[in-house]
Amino acid sequence: MTGVTSIDRAFQAATARLKAATRIMALTGAGVSAESGVPTFRGPEGLWRQFRAEDLATPEAFERDPRLVWEWYASRRERLAPLLPNRAHAALAALEGRVPGFLLATQNVDGLHAAAGSRALVELHGSLWRLRCVGECGQAREDRRVPLPELPPRCACGGLLRPDVVWFGESLDAGAVSRAFGAAESAEVVLVIGTSSLVFPAAALPQAARARGAFVVEVNPEKTPLSALADVSLRGRAAELLPALLEAAA
Ligand code: BJW
Ligand code: ZN
C-alpha cells in the first residue's frame, strides 16, 4: 500500500510544531529508561508486580522497617549502577542545546538524564544517588557507593539516612515543582515520554500546558490517560521514536 498514513501525518504534525517552537518542555517517566535496562513501575514487567508500593515507597514503610525499604533501594542501586543512557536520553540532551527555552522535567530517580548531559533538568521525584538524613542535621548529599557499607546507612550525626526520593503522600520539592509548572505555563510544545501519566502532580503538567494551548506530543507504546488529551500520540519505543522525531525537527 502506498500513500500517507495517519502515523506519518501525526509524526509530521509533531515535527512541524517542534521545528517552529522556541519554548519546549519535556516530561519523562520510567519508559524513557526502559531500553537502558531500567524496570518500569507498572505493567507486566513492572516493579509494582513484585512489590507493593505501600510496603516500600511510603514514609510509613520506612518508619516501620527501614532495613526492608533499604534492601529494596540498595538492590535497585546495584542493578542501575552499570546501566548507561540510551538514544532517547541523548536526543533530549541534544535538544536542550538547540532550543533556548527548554526544560526537561523527569519523574525518574535513576540519574540517566544527567549522565547523558542534560543540564536544564528538574528531577521531580529526587534521586536514588542522593541520601538524606532523617535525623537532626537533615543534610542531603550525593552518595554513589555500591554496595553501601551498612543497611540502613547512617549519617555522621548518628541519624538514619534515607534515599532522597519522593514517596507517596510526600510533597515534591517546591522549587522543582515551580520550575516545572513555570515551563509548562510557557511552552509551545510539550513532549511526554514513557510515563503512564497516573502520578500527580507530574501528570498535571501536560494537562496545564494543553489547557492554555500548548501542542502536546506523547511518545509511548501504550495508551495512557493522557492519550485522549494529547494532540499527537506516537506509539512506539522512546529510544527509537524520539531520535527520529527530534532529528526530523532539527
Ligand atoms: C515506554 C517504554 C519505552 C515502557 N519507551 N515508553 C491527584 C489525584 C489523585 C491522586 C493524587 C493527586 N495528587 C496527589 C495524589 C497522590 C499521589 C498520586 O498521584 N497517586 C496516584 C497514583 C493516584 N501523589 C503523591 O503522593 C505525590 N505527592 C503529592 O502529591 O504531595 C502532595 C500531597 C501530600 C499528601 C496528600 C496528598 C497530596 C508524590 C508522588 C511520588 C511518586 N513516587 C514514585 C516513587 C519514587 C521513588 C522510587 O523510585 O522508588 O515515583 S511512584 C513511581 O511512579 C515513581 C515514578 O516516578 C512515578 C511515575 O511512574 P512512571 O514514570 O509513569 O512509570 P510507569 O511504570 O507507571 O509507566 C511507564 C510507562 O512507560 C508506561 O506507560 C509504558 O507503556 C511506557 N513504556 N516501555 C517509551 N521503551
Ligand atoms: Zn545527619
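Everything quoted here is computed from the prediction, not taken from an experiment. All ligand and atom numbering here is 1-based and tracks the order in the structure.
Taking the ring axis of Trp72 as reference, the NZ or CZ atom of Arg76 stays within 45° of it and closer than 6.0 Å to the ring centre.
The closest heavy-atom contact to atom 72 (C) of ligand 1, among the options Leu226, Thr40, Asn220, comes from Asn220. For atom 52 (S) of ligand 1, the candidate residues are Trp167, Phe168, Phe51, Phe200; the nearest heavy-atom contact is made by Phe168. Around atom 64 (O) of ligand 1, the closest heavy atom drawn from Ala239, Ala30, Ser36 belongs to Ala30.
Inspection of the Arg235 and Ser227 side chains reveals an N or O donor paired with an N or O acceptor under 3.5 Å.
Of the protein's heavy atoms, at least one falls inside 4.0 Å of atom 47 (C) of ligand 1. Counting only heavy atoms, the protein never gets under 4.0 Å from atom 10 (C) of ligand 1. Distance screen at 4.0 Å: atom 37 (C) of ligand 1 has no protein heavy-atom neighbour inside the cut-off. Under the 4.0 angstrom criterion, atom 1 (C) of ligand 1 counts as having a protein heavy-atom contact.
In this structure, Cys137 and Cys155 approach most closely via the heavy-atom pair SG-SG, 3.6 Å.
Geometry about the Zn ion (ligand 2) gives an angle of 110° between SG of Cys133 and SG of Cys137, rounded in steps of 10 degrees. Angle SG (Cys157) to the Zn ion (ligand 2) to SG (Cys155): 110°, rounded to 10°.
Considering backbone and side-chain N/O atoms, Val109 never comes within less than 3.5 Å of an N/O atom of ligand 1. Residue contacts with ligand 1: Ala238 is placed with a nitrogen or oxygen under 3.5 Å of a nitrogen or oxygen of the ligand (distance criterion only).
Taking every non-hydrogen atom of Thr195 and a distance limit under 4.0 Å, the qualifying atoms of ligand 1 come out as 61 (P), 63 (O), 70 (C), 73 (O). For ligand 1, the atoms lying closer than 4.0 Å to a non-hydrogen atom of Val165 are 47 (C). Each of the following atoms of ligand 1 lies closer than 4.0 Å to a heavy atom of Glu35: 3 (C), 5 (N), 80 (N). Which parts of ligand 1 touch Tyr73 is read off a 4.0 Å heavy-atom cut-off, strictly below it: atoms 47 (C), 48 (C), 50 (O).
Note on residues 82-116: pairs passing ring-ring contact (aromatic ring centres under 6.0 Å, His included), not counting sequence neighbours, are His89-His113. Applying the salt bridge (Lys or Arg N to Asp or Glu O under 4.0 Å) test to residues at least two apart or on different chains, the pairs with a partner in residues 167-187 are Arg162-Glu170.
In summary, Arg67 and Glu71 engage in a salt bridge, as defined by a charged side-chain N under 4.0 Å from a carboxylate O. Between Asp231 and Arg17, no side-chain nitrogen of the basic residue sits less than 4.0 Å from a carboxylate oxygen of the acidic one, so the salt-bridge criterion is not met.
The single protein non-hydrogen atom nearest to atom 60 (O) of ligand 1 is Arg42 NH1, 3.0 Å, given as residue, atom name and distance.
At least one heavy atom of Pro201 lies less than 4.0 angstrom from ligand 1.
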